[in-house]
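Along the sequence shown, residues are numbered consecutively beginning with 1.
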Amino acid sequence: MKLILRLFLFASITVLFVLTSCKKNKFITDGSAKLEFNTDTVMFDTVFTGIGSATRFFIVRNKHELPINISEIKLATGESSKYRLNINGTPGNYLNDIEIAGQDSIFIFVDVNIDPSNDDIIEYDRIIFTVNENKQAVHLTAFGQNVHFLNDSVIDTQTWINDKPYLIYNSMALNENEVLTIEEGVKIYSHRNSRIYILGTLNVLGTYNNPVIFEADRLNGHSSIFLNDSTDNYSDISGQWGGIWLTKFSKNNYINYAEIKNAIIGIQVDSTGDSNFTQLEIHNTKLEHHSYAGILTQESSVFATNCLITDCGYYNIALTRGGNYEFYHSTIGNYWRGVRQAPSVYLNNYFQYDGTVYIYPLVNAYFGNCIIWGNDSTEIGIEQHEAGETFNYLFDNCVLRIAPTSDINTTDIAHFKNNIINEDPLFADYYAYDFILSELSPAINTGNFEITNLYPALLNTDLNNQNRVGNNSPDIGCYEFVGK
């Protein structure tokens with residue numbers, strides 16, 4: 001009898017062990033198993049004009065047949081967040097070991113509390129989900145200030161005024177033959193992957209005291225782009241939005257006193273096929289922190305004065321497929337902190353597609369009283385297809401960085417005239433993006449008056465509104481040295 005009892009107890013314990021083991025192994029353990037969400041971004045599109053709160057929800061689904069265990073759900077910024085969570089009936093910004101049965105789902109409610117007098121223009125956070133050491137995120141976005149909101153918008157002729165910021169989500173486009181006028185002091189913020197498409201005419205009317213600002217909507221706090229991110233300042237982070245695209249339908253675009261920052265391409269200028277007008281006239285403008293290029297053109301035309309173009313992942317200026325270009329008293333300086341395998345300024349006259357080479361005339365690429373410098377040994381790239389007969393360019397009275405070992409012939413007077421070659425312009429602090437000249441700079445008093453006097457209304461003052469026409473010769477670049 002005792003033996004039977006012992007056998008029964010052993011069998012019971014064995015069955016219990018098997019059942020327990022099955023229970024422990026019933027969850028999906030595959031590292032590639034993922035959750036599904038009915039949205040990747042919970043957006044609070046309420047515009048808060050006073051302190052207030054709003055609530056949204058989203059659904060988390062387990063698409064698999066077996067149950068799934070979420071080891072952790074948490075807000076990325078924790079208790080400092082503007083957001084509060086209710087996870088399937090349980091309030092709190094952190095919860096672990098949440099089970100979702102196979103082919104089942106849970107609800108997560110999100111509440112945000114906004115004070116527009118103190119909060120950022122956009123308040124971000126992320127809800128991070130961990131399953132089998134895999135991390136996924138749902139982004140949270142709320143307006144922290146009263147803004148003009150454009151979401152996947154197509155607009156006709158209008159004027160943007162400096163009453164409150166403009167926020168662009170999912171890009172915006174200006175219709176063909178329409179005009180967008182942007183008055184001084186206006187701030188335009190673009191969300192990740194958004195772009196400004198111009199099919200008509202863009203008029204940016206900034207002033208020295210009130211420039212027009214184009215930048216990403218991630219101003220501080222943690223990034224909406226990267227999951228595991230600890231950066232607190234996004235002012236110099238590139239690639240946060242697409243940039244301004246002047247399409248082939250666009251014409252007679254004008255930009256004065258603007259700051260265009262943090263994009264993939266600051267300004268892309270397409271060909272119109274019409275040589276009767278300049279596609280882009282741009283003055284007194286800073287283009288900084290772009291992951292690909294500051295200005296990228298294709299068979300187009302640009303007239304630029306007093307521009308600062310810096311910190312680009314590939315080219316500061318890429319003039320491709322020919323065209324007609326003039327740059328005066330501009331500083332093109334590139335000290336990109338990552339790996340860069342492209343020159344600051346690049347010229348070419350062809351395009352190759354599917355085995356066919358298309359040749360375009362480079363009518364003119366003129367740089368007068370400009371600085372082209374950076375941390376590469378040669379900051380100018382020239383590629384001329386041998387079949388192209390028209391390939392005109394001239395660097396006139398510039399400070400240039402071109403290695404002696406380069407195949408560029410800087411003694412060719414048809415293309416290089418009175419330049420200072422390989423003498424460091426001695427910027428004040430290029431790693432702080434300060435491109436004002438130091439007092440020993442070779443660019444001081446070595447500008448050519450004849451170049452400056454070509455357009456006195458545009459060039460008699462520099463980017464800082466300082467007079468550059470005094471007793472001495474002007475300085476080369478966009479800034480006139482004024483001493484201490």
Side-chain angles (χ1 to χ4, degrees), residues 208 211 256-260 266 282-288 294-295 302-312 315-317 325-336 343-345 365-376 378-380 393-402 410 416-470 472-484:
Y208 170 70
N256 190 30
Y257 279 111
E259 296 179 12
I260 304 169
I282 181 168
H283 309 290
N284 306 302
T285 292
K286 298 178 182 179
L287 294 110
E288 301 177 289
I295 296 177
V302 175
F303 177 70
T305 67
N306 281 339
C307 287
L308 174 66
I309 307 170
T310 70
D311 195 35
C312 298
Y315 312 98
N316 290 36
I317 299 173
Y325 312 101
E326 297 176 68
F327 290 84
Y328 298 89
H329 275 290
S330 292
T331 297
I332 300 107
N334 204 353
Y335 294 85
W336 183 258
S344 290
V345 173
Y366 177 83
F367 294 83
N369 282 349
C370 292
I371 298 174
I372 302 172
W373 200 265
N375 53 6
D376 277 2
T378 297
E379 291 293 359
I380 293 175
Y393 65 91
L394 177 62
F395 296 90
D396 187 2
N397 211 84
C398 296
V399 177
L400 306 175
R401 186 165 195 180
I402 302 174
T410 58
F416 294 89
K417 179 182 176 183
N418 299 326
N419 296 297
I420 300 172
I421 308 294
N422 292 330
E423 290 188 40
D424 193 323
L426 300 176
F427 300 121
D429 188 353
Y430 52 79
Y431 276 119
Y433 314 115
D434 183 354
F435 289 88
I436 291 174
L437 302 174
S438 297
E439 60 183 346
L440 297 179
S441 172
I444 295 174
N445 295 334
T446 51
N448 186 336
F449 255 131
E450 291 183 2
I451 295 172
T452 307
N453 288 337
L454 288 172
Y455 303 100
L458 297 171
L459 297 174
N460 280 358
T461 55
D462 73 352
L463 180 56
N464 272 345
N465 205 32
Q466 297 290 331
N467 179 32
R468 63 160 52 103
V469 185
N472 299 314
S473 296
D475 298 346
I476 298 174
C478 65
Y479 291 119
E480 187 75 6
F481 179 73
V482 295
K484 296 180 180 179

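Without hydrogens or angle criteria, Asp396 side chain to Phe367 main chain gives no donor-acceptor distance under 3.5 Å. In this structure, the side chain of Asn419 engages the main chain of Cys398 through a donor-acceptor pair within 3.5 Å. Between the side chain of Asn467 and the backbone N or O of Val469, at least one donor-acceptor pair lies under 3.5 Å. No side-chain donor-acceptor contact under 3.5 Å links Asn284 to the backbone of Leu463. No donor-acceptor pair closer than 3.5 Å links the side chain of Ser441 to the backbone N or O of Leu437. The closest donor-acceptor contact from the side chain of Asp424 to the backbone of Leu426 lies under 3.5 Å.
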Does the pair Val345 and Phe327 meet the rule for a side chain to side chain contact (heavy atoms under 4.5 Å, CB included), with working shown? CA-CA 11 Å; Val345 173; Phe327 290 84; over 6 Å; no
What's the verdict on side chain to side chain contact (heavy atoms under 4.5 Å, CB included) for His283 and Leu458, showing C-alpha distance, side-chain angles and the deciding distance? CA-CA 8 Å; His283 309 290; Leu458 297 171; 3.6 Å; yes
Show the numbers, then the answer: is there a side chain to side chain contact (heavy atoms under 4.5 Å, CB included) between Asp376 and Trp336? CA-CA 10 Å; Asp376 277 2; Trp336 183 258; over 6 Å; no
Between Thr452 and Asn460, does a side chain to side chain contact (heavy atoms under 4.5 Å, CB included) hold up when you go through it step by step? CA-CA 7 Å; Thr452 307; Asn460 280 358; 4.2 Å; yes
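Within the 4.5 Å cutoff, no side-chain heavy atoms of Leu287 are placed close to those of Leu308. Under the 4.5 Å side-chain criterion, counting only non-hydrogen atoms from C-beta, Thr331 is not in contact with Trp373. The shortest side-chain heavy-atom distance between Tyr335 and Phe435 falls under the 4.5 Å cut-off. Using a 4.5 Å heavy-atom cutoff, the side chains of Asn422 and Arg401 are in contact. The side-chain heavy atoms of Phe449 and Leu454, taken from C-beta on, include no pair separated by under 4.5 Å.
Separation of atoms CD1 (Ile260) and CD1 (Ile282) is listed at 5.0 Å; rounding is to 0.5 Å. Separating the CG atom in Leu400 from the CD1 atom in Ile420 is a distance of 9.0 Å, to the nearest 0.5 Å. Taking CG of Asn316 as the start and CD of Glu288 as the end, the distance is 10.5 Å to the nearest 0.5 Å. Here CZ of Phe303 is found 15.5 Å from OH of Tyr325. Values are rounded to the nearest 0.5 Å. Atom CD1 of residue Ile371 and atom CD of residue Glu379 lie 13.0 Å apart, to the nearest 0.5 angstrom. Taking OH of Tyr430 as the start and OG of Ser438 as the end, the distance is 10.5 Å to the nearest 0.5 Å.
Phe416 and Tyr393 have perpendicular rings, their planes meeting at more than 60° on a 0 to 90° scale where under 30° would count as parallel. The aromatic rings of Tyr366 and Tyr328 lie tilted to each other, with the angle between the two planes from 30° to 60°.
The local environment of CD in Glu450 is sparse, with at most 12 non-hydrogen atoms from other residues, nucleotides or ligands closer than 6.0 Å.
Taking Tyr433 as the reference, His289 meet the ring pair (Phe, Tyr, Trp, His ring centres under 6.0 Å) condition, with sequence neighbours excluded. Ser330 is linked by a side-chain contact (heavy atoms from CB on, under 4.5 Å) to Cys307, Ile332, Cys370, counting only residues two or more places apart in sequence or in another chain.
His329 and Thr305 form no side-chain donor-acceptor contact under 3.5 Å, judged by distance and modelled atom types alone. Between the side chains of Asn418 and Asn397, not a single donor N or O lies within less than 3.5 Å of an accepting N or O. For the residue pair Arg468 / Asn306, a side-chain donor-acceptor distance below 3.5 Å is found, with atom types taken as modelled.
Smallest separation of non-hydrogen atoms from Gly294 and Cys312: N-SG, 3.5 Å. Minimum heavy-atom separation, Tyr431 to Asn375: OH-ND2, 4.4 Å.
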Could you go through residues 473-483 and list every donor-acceptor pair under 3.5 Å that involves a side-chain atom there, pairing it with any protein atom two or more places apart or in another chain?
{"from": "Asp475", "atom 1": "OD1", "to": "Asn445", "atom 2": "N", "distance (Å)": "2.6"}
{"from": "Asp475", "atom 1": "OD2", "to": "Phe481", "atom 2": "N", "distance (Å)": "2.6"}
{"from": "Glu480", "atom 1": "OE1", "to": "Asp475", "atom 2": "N", "distance (Å)": "2.9"}

